[in-house]
Engineer: 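I am attaching a structure below and will ask some questions about it afterwards.
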Amino acid sequence: MKKRLRKWRLISLFAIMTLILAGCGEANLSALKPAGEVAQKQFDLMVLSTLIMVVVIIVVVILFVTAIVRFRRKDGDESIPKQVEGSHKLEVIWTTIPILLLIIMAIPVVTYTFELADTSAMEVKDKDGKTKDAVVINVRANLYWWEFEYPDYGIFTSQDLVVPTDEKVYFNLEASDVKHSFWVPAAGGKMDTNVDGVNQMYLVFDSKKSNEAQNLFYGKCAELCGPSHALMDFKVVTKSKDDFNSWVKSMQTVAKEPKVAEGELAQQGQEIFNQSCIGCHAVSTSGNGAGMGPNLANFGERERIAGFLPHDKENLKNWIKAPDDYKPGNTMAGKYGELTDEQIDALAEYLLNLKVEDK
Amino acid sequence: MSTYAKKQGFGATLWDFMTTVDHKKIAILYLISGGLFFILGGLEAMFIRIQLAVPDNNFMSAGVFNEMITMHGTTMIFLAAMPILLGIMNAVMPLQIGARDVAFPFLNSLGFWMFFFGGVMLNLSWFLGGAPDAGWTSYASLSIHSQGHGVDFYVLGLQISGFGTLIAGINFLVTIINMRTPGMTYMRMPMFTWTTFVVSALILFAFPPLTVGLTLMLFDRMFGANFFDAAAGGNTIIWEHLFWIFGHPEVYILILPAFGIFSEILATFSRKRLFGYSSMVFATVLIGFLGFMVWAHHMFTVGLGPIANAIFAVATMAIAVPTGIKIFNWIFTMWGGSVRFTVPMLYAVSFIPSFTMGGVTGIMLAAAPADYQYHDSYFVVAHFHYVIVGGVVLGILAGITYYWPKIFGTMLNETLGKFTFWLFLIGFHLTFFIQHFLGLWGMPRRVFTYLPGQGWDISNLVSTIGAMFMAVGVIILLINIIITSVKNVRVGNDPWGDGRTLEWAIPSPPPFYNFKQLPLARGLDAYWIEKMEGKKEMTPAEPLGDIHMPNGSIIPICITFGLFVASFGALYNMDADKPWTIPVIIIGLLITFGSMLIRSIKDDHGFHIHKEDLMDDKDKEVKA
């Protein structure tokens with residue numbers, strides 16, 4: 001019994017350590033596979049605190065197991081143990097050692113807290129009022145979808161966040177209806193999108209780590225926001241600085257001259273869109289319409305339908321037909337009347353051809 | 001002649017319990033209703049785990065899932081853990097300090113019925129249009145946005161039951177300050193009494209912020225006030241502050257009594273006095289104090305800025321020091337002792353490593369930058385279940401088993417108890433250990449489902465299987481309780497054989513006046529001291545005399561029932577199509593204030609047990 005107990009404890013401890021040190025989980029989703037400076041710092045802190053805590057646990061477990069094994073009562077033992085009041089020496093030891101351990105931990109904690117909160121580069125503007133040399137993205141969280149605005153480039157997108165690698169990407173975070181929380185686990189910790197004001201943070205996406213994750217990271221909403229909280233996913237597409245710049249350029253081009261649908265079905269779809277959907281959804285990258293629904297300007301190039309369904313026509317049609325079946329409580333359902341299957345087909349064709357980068 | 005000896009019909013028993021002001025009977029009421037709510041919360045937990053067992057599950061809808069998690073959290077904290085602990089405090093604390101009852105028996109009853117009707121009200125929401133669905137934290141933007149009356153049930157139900165808890169806390173404070181038996185100085189009080197004392201102080205200071213928060217939310221939802229409506233100039237962060245200024249001390253309100261229970265059990269079954277008693281007292285007080293200084297660690301990601309985050313991070317880490325002191329003192333209580341592994345002791349022993357695990361993840365969470373990753377992920381779910389299940393629930397199970405003979409006069413079956421213990425402990429670690437990793441792998445909490453292919457599938461299944469183990473453990477406990485009650489084998493004063501404190505010096509269950517003569521406490525572990533000198537009983541501190549006892553009263557139920565009725569009126573008052581709500585509010589308040597008026601103008605002096613009635617044969621012989 002005693003051996004088994006000790007062995008079990010040790011095994012579980014080693015299991016924790018191997019898992020933590022080796023990293024685990026999916027490269028595009030796990031906080032244990034840090035993909036940039038922010039996540040790396042947080043990971044280092046996790047490792048440091050885990051190590052200290054494992055030391056604590058080992059000490060406690062050794063004392064604990066010794067106590068319950070050595071001092072078991074034998075059958076029929078009626079002796080009365082010595083009634084010890086306590087020990088000043090011991091009390092001092094187990095008060096000071098934890099304090100020392102905590103100081104070791106507190107120093108990096110406080111340092112990193114300030115480092116990670118440093119978003120001063122966002123405030124440095126050139127004479128046009130644009131951020132001097134930092135990529136700034138305004139994130140607006142809405143009931144079950146995300147809007148990303150690049151204020152310095154004058155473009156909007158949604159659901160898929162496109163970022164350059166190997167530099168600090170700064171975010172302004174806010175919510176338009178209820179509180180959400182913006183989280184890209186592999187790139188760094190979360191920050192809430194409040195309804196009361198704007199929060200600022202930055203993330204870094206390392207190009208090598210991004211390649212390992214196929215340049216696609218998973219983003220999550222981390223604050224309970226209603227029935228479809230679980231489905232409020234977004235994706236982060238990482239591009240090298242050059243690719244990012246050319247993406248921005250194409251987005252800006254589309255902003256100036258919106259694309260015209262090609263092909264009969266798609267044109268039909270565009271007409272339906274202009275009647276039923278345009279009240280909420282913008283198809284130009286230059287604005288977000290009324291801000292009611294996701295900007296769809298590059299919808300054809302997105303990773304998922306509605307943030308989480310596989311990106312194909314079938315899912316898109318199903319989604320348009322009955323959004324509430326997929327994301328209960330969403331604000332899209334019931335806004336555009338009944339569409340026939342043919343109409344939905346045309347609409348899907350149109351939407352899937354909304355691309356900005358295809359030459 | 002004890003009333004316990006009388007055989008009563010069911011109706012008479014029911015009436016007896018409805019009107020009782022006896023702390024021991026109120027304890028039983030707390031335990032029964034807390035137990036029922038615990039089973040309810042447990043069922044909700046099982047439904048949650050079934051839904052999450054496999055990816056893309058459709059066992060329940062997203063909306064119902066959110067109601068489940070909200071009610072699971074709210075029920076377990078407010079209606080299960082806290083009442084059961086209040087029950088154990090009620091049953092044990094007055095006995096431990098050698099008192100005949102609490103200071104305000106009438107208020108004690110009122111406090112219970114407030115909790116009870118508040119809890120019933122909250123749970124009626126399931127049948128009246130849907131339960132609250134904004135999480136047990138009920139963050140303002142979402143709870144204001146929430147449709148239906150769910151959140152209104154939350155607000156009113158918690159308001160009523162919160163008053164009950166506040167009343168109980170004040171009552172215990174006054175009792176401990178004023179009603180200790182001669183010789184029972186503060187530094188001779190048993191550890192469980194000390195934790196009750198500190199917890200009551202925490203209740204006194206922690207519940208008012210909740211009351212304020214709930215009132216503001218009530219105004220927002222019922223009268224269209226804009227305290228939490230950002231668009232109209234309100235601020236939702238205020239709710240978060242108010243909630244956590246209450247919410248964090250609440251965590252210590254739950255865990256400190258468990259600490260107290262374990263301190264008693266570890267000392268008893270090691271046959272050794274609690275190691276470092278005075279530093280344990282000091283640590284308890286310090287934890288209680290620091291508990292008010294750290295609430296913003298629940299809000300590291302809110303954007304309070306690096307200064308606030310750094311301060312609260314360091315303050316939170318500081319709590320580890322007194323908690324560590326306690327852990328080591330418990331271990332050294334066993335060290336050099338004579339340790340006997342009864343069921344309560346098994347819980348106490350397993351609590352030490354389990355709670356340490358939860359404690360160290362607490363320190364990890366305190367590291368603010370790392371918390372940005374942990375926050376609102378399954379890591380947090382794992383952490384707080386490790387401290388609440390590994391600490392509070394193990395404490396409750398230990399306390400129930402340990403004090404069962406004192407409360408009911410029978411012993412729970414040890415073999416069945418061991419089955420429950422092992423199933424529960426293994427199930428607990430199986431359920432929650434893996435959740436640390438789920439969180440680190442990116443799984444947010446409070447998700448009603450998850451997509452396959454994110455590396456979470458097997459771990460979630462493991463977690464669900466663990467939950468089944470815990471459920472089986474609890475079912476065996478229920479069977480154990482039924483068997484024990486049916487067999488009804490009575491036990492003596494000190495059935496565990498190693499009792500140290502005053503409660504073990506009197507019969508199980510004690511007579512309704514507890515102590516015929518108030519005992520003289522000659523040191524810490526007063527009963528143990530007498531036993532070591534070869535005495536069977538406590539030295540009396542007073543001559544045998546008449547005992548003044550309070551009368552039972554139905555008024556507490558009436559007062560609470562009025563509030564319950566009025567709450568329903570208030571709840572539906574915001575619907576334009578319900579004209580009956582105003583009369584209902586008025587009737588409800590009339591019942592409440594009418595009952596209070598009766599209480600005020602009717603003189604109730606209680607009654608005396610006469611000296612002659614207290615004398616048993618032995619006393620009479622001596623006299624003759």
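Residue numbering restarts at 1 for every chain, and letters A, B, ... go by the order of the sequence lines. Bear in mind the structure is a predicted one, so any value in this text is a computation, not a measurement.
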Engineer: Just to verify, which of B:I327, B:T356, B:V349 counts as forming a side-chain contact (heavy atoms from CB on, under 4.5 Å) with A:F64?
Structural biologist: B:V349
Engineer: Taking the side chain from B:N66 and the backbone from A:G226, do they hold a donor-acceptor pair closer than 3.5 Å?
Structural biologist: yes
Engineer: Under a 4.5 Å heavy-atom cut-off, does chain B meet the side chain of A:N199, its backbone, both or neither?
Structural biologist: side chain
Engineer: Check whether any side-chain heavy atom of B:I144 lies under 4.5 Å from a side-chain heavy atom of A:V178, and answer yes or no.
Structural biologist: no
Engineer: Kindly indicate, with the supporting measurements, whether the criterion side-chain contact (heavy atoms from CB on, under 4.5 Å) is fulfilled by B:V360 and A:V54.
Structural biologist: CA-CA 8 Å; B:V360 297; A:V54 166; over 6 Å; no
Engineer: For A:L143, is it the side chain, the backbone, both or neither that has a heavy atom under 4.5 Å from a heavy atom of chain B?
Structural biologist: side chain
Engineer: Is it the backbone or the side chain of B:A134 that comes under 4.5 Å from a heavy atom of chain A, or both, or neither?
Structural biologist: backbone
Engineer: Just so I understand: if I count every heavy-atom pair under 4.5 Å between each of B:H436, B:M334, B:M443, B:M317 and chain A, which residue has the most?
Structural biologist: B:M317
Engineer: Less than 4.5 Å to any heavy atom of chain B: does that hold for the side chain of A:L29, its backbone, both, or neither?
Structural biologist: both
Engineer: From B:Y374 OH over to A:Q42 CD, what is the distance, rounded to the nearest 0.5 angstrom?
Structural biologist: 9.5 Å
Engineer: Is chain B contacted by the side chain of A:V38, its backbone, both, or neither, given a heavy-atom distance below 4.5 Å?
Structural biologist: neither
Engineer: Go through the steps for B:M364 and A:L45 under the test side-chain contact (heavy atoms from CB on, under 4.5 Å), then give the verdict.
Structural biologist: CA-CA 9 Å; B:M364 293 169 70; A:L45 213 50; over 6 Å; no
Engineer: Keeping the roles fixed (side chain from B:S141, backbone from A:K179), state whether a donor-acceptor pair exists under 3.5 Å.
Structural biologist: yes
Engineer: What pair of heavy atoms forms the shortest contact from A:K220 to B:Q454, and how long is it?
Structural biologist: NZ-OE1, 2.8 Å
Engineer: Between B:W330 and chain A, which part of the residue has a heavy atom less than 4.5 Å away: side chain, backbone, both or neither?
Structural biologist: neither
Engineer: Relative to chain A, which segment of B:F332 carries a heavy atom at a distance below 4.5 Å: side chain, backbone, both, or neither?
Structural biologist: side chain
Engineer: What part of A:T96 is in contact with chain B, defined as an atom under 4.5 angstrom from a non-hydrogen atom: side chain, backbone, both or neither?
Structural biologist: neither
Engineer: Has the side chain of A:E85 got a donor or acceptor atom that lies under 3.5 Å from a matching backbone atom of B:Y277?
Structural biologist: no
Engineer: Using a cut-off of under 4.5 Å on heavy-atom pairs, state which of A:D118, A:V56, A:I80, A:D177 scores highest against chain B.
Structural biologist: A:I80
Engineer: Side-chain contact test, heavy atoms from C-beta onward, threshold under 4.5 Å: evaluate it for A:V84 versus B:W335 and give yes or no.
Structural biologist: no
Engineer: Return yes when atom CG of A:L100 has more than 12 non-hydrogen atoms of other residues, nucleotides or ligands closer than 6.0 Å, and no otherwise.
Structural biologist: yes
Engineer: Return the option, out of B:T449, B:V314, B:I237, with the maximum number of heavy-atom pairs under 4.5 Å with chain A.
Structural biologist: B:I237
Engineer: Go through the steps for B:W441 and A:E26 under the test side-chain contact (heavy atoms from CB on, under 4.5 Å), then give the verdict.
Structural biologist: CA-CA 7 Å; B:W441 297 336; A:E26 307 286 324; over 6 Å; no
Engineer: Which heavy-atom pair separates A:F114 from B:A310 by the least distance, and what is that distance?
Structural biologist: CE1-CB, 3.9 Å
Engineer: Does any non-hydrogen side-chain atom of A:I68 lie less than 4.5 Å from one of B:F341?
Structural biologist: yes
Engineer: Measure distances from A:Y218 to the heavy atoms of chain B and classify the residue's part below 4.5 Å as side chain, backbone, both or neither.
Structural biologist: side chain
Engineer: Output the distance between atom OG1 (A:T95) and atom CZ (B:F282), rounded to the nearest 0.5 Å.
Structural biologist: 8.0 Å
Engineer: Under 3.5 Å, is there a donor-acceptor pair between the side chain of A:D196 and the main chain of B:A230?
Structural biologist: no
Engineer: Any chance you could measure B:S278, atom OG, to A:E91, atom CD, to the nearest 0.5 Å?
Structural biologist: 7.5 Å
Engineer: For the candidates B:S459, B:G337, B:A368, which exhibits the highest count of non-hydrogen atom pairs separated by less than 4.5 Å from chain A?
Structural biologist: B:G337
Engineer: Which heavy atom of B:P369 sits nearest a heavy atom of A:V109, and at what distance?
Structural biologist: CG-O, 3.6 Å
Engineer: Which answer fits A:L90, side chain, backbone, both or neither, if we ask what part of it has an atom under 4.5 Å from a heavy atom of chain B?
Structural biologist: side chain
Engineer: Examine whether an atom of B:L451 lies under 4.5 Å from a heavy atom of chain A, and if so say whether it belongs to the side chain, the backbone or both; otherwise answer neither.
Structural biologist: side chain
Engineer: Would you check, one step at a time, whether the test salt bridge (charged side-chain N to carboxylate O under 4.0 Å, His left out) holds for B:D498 with A:R73?
Structural biologist: CA-CA 13 Å; B:D498 291 317; A:R73 189 181 304 177; 3.1 Å; yes
Engineer: Which bit of B:T361 is near chain A, if near means a heavy-atom gap under 4.5 Å: side chain, backbone, both or neither?
Structural biologist: neither
Engineer: Can you tell which part of B:I69 gets under 4.5 Å to a heavy atom of chain A, answering side chain, backbone, both or neither?
Structural biologist: side chain
Engineer: Using only heavy-atom distances, determine whether the side chains of A:T113 and B:N309 contain a donor-acceptor pair under 3.5 Å.
Structural biologist: no
Engineer: Please flag which part of B:A367 lies under 4.5 Å from any non-hydrogen atom of chain A: side chain, backbone, both or neither.
Structural biologist: both
Engineer: Checking B:R446 side chain against A:A230 main chain: does a donor-acceptor pair fall under 3.5 Å?
Structural biologist: no
Engineer: Does CG belonging to A:L216 count more than 12 external heavy atoms closer than 6.0 Å?
Structural biologist: yes
Engineer: Check whether A:A117 gets within reach of chain B through its side chain, its backbone, both or neither, counting any heavy atom under 4.5 Å.
Structural biologist: side chain
Engineer: Between CG of A:L116 and OH of B:Y372, what distance do you get to the nearest 0.5 Å?
Structural biologist: 6.5 Å
Engineer: Give the minimum heavy-atom separation between B:S338 and A:P81, together with the two atoms involved.
Structural biologist: N-CG, 3.7 Å
Engineer: Take the angle between the ring planes of B:F328 and A:W94 and call it parallel below 30°, perpendicular above 60°, tilted in between.
Structural biologist: parallel
Engineer: For chain A, which candidate among B:G453, B:G336, B:G63, B:S146 shows the most heavy-atom pairs at distances under 4.5 Å?
Structural biologist: B:G336
Engineer: Can you tell me if A:K190 uses its side chain to pair, donor with acceptor, with the backbone of B:Q373 under 3.5 Å?
Structural biologist: yes
Engineer: Output, in order, the C-alpha distance, side-chain angles, deciding distance and verdict of salt bridge (charged side-chain N to carboxylate O under 4.0 Å, His left out) for B:R445 and A:E223.
Structural biologist: CA-CA 8 Å; B:R445 69 189 275 211; A:E223 182 67 56; over 6 Å; no
Engineer: Go through A:P98, A:S181, A:C225 and name the one with the most non-hydrogen pairs under 4.5 angstrom from chain B.
Structural biologist: A:C225
Engineer: Side chain of A:Q83, backbone of B:R273: donor and acceptor closer than 3.5 Å?
Structural biologist: yes
Engineer: Is B:M532 in contact with chain A via its backbone, its side chain, both, or neither, using a 4.5 Å heavy-atom distance?
Structural biologist: side chain
Engineer: Could you grab the distance from atom CG of B:D133 to atom CG of A:L224, nearest 0.5 Å is fine?
Structural biologist: 8.0 Å
Engineer: Taking all non-hydrogen atoms of both residues, which atom of A:W183 and which atom of B:S377 are closest, and how far apart?
Structural biologist: CH2-CB, 3.7 Å
Engineer: Taking A:N194 for the side chain and B:V302 for the main chain, is one N or O donor matched with an acceptor at less than 3.5 Å?
Structural biologist: yes
Engineer: What pairs with A:S49 under side chain to side chain donor-acceptor pair (under 3.5 Å), at least two apart in sequence or on another chain?
Structural biologist: none
Engineer: Give, for atom CG of B:L142 and atom NE2 of A:H180, the distance between the pair rounded to the nearest 0.5 Å.
Structural biologist: 9.0 Å
Engineer: Could you report the tightest heavy-atom contact between A:M46 and B:L440, atom names first, then the distance?
Structural biologist: SD-CD2, 3.9 Å
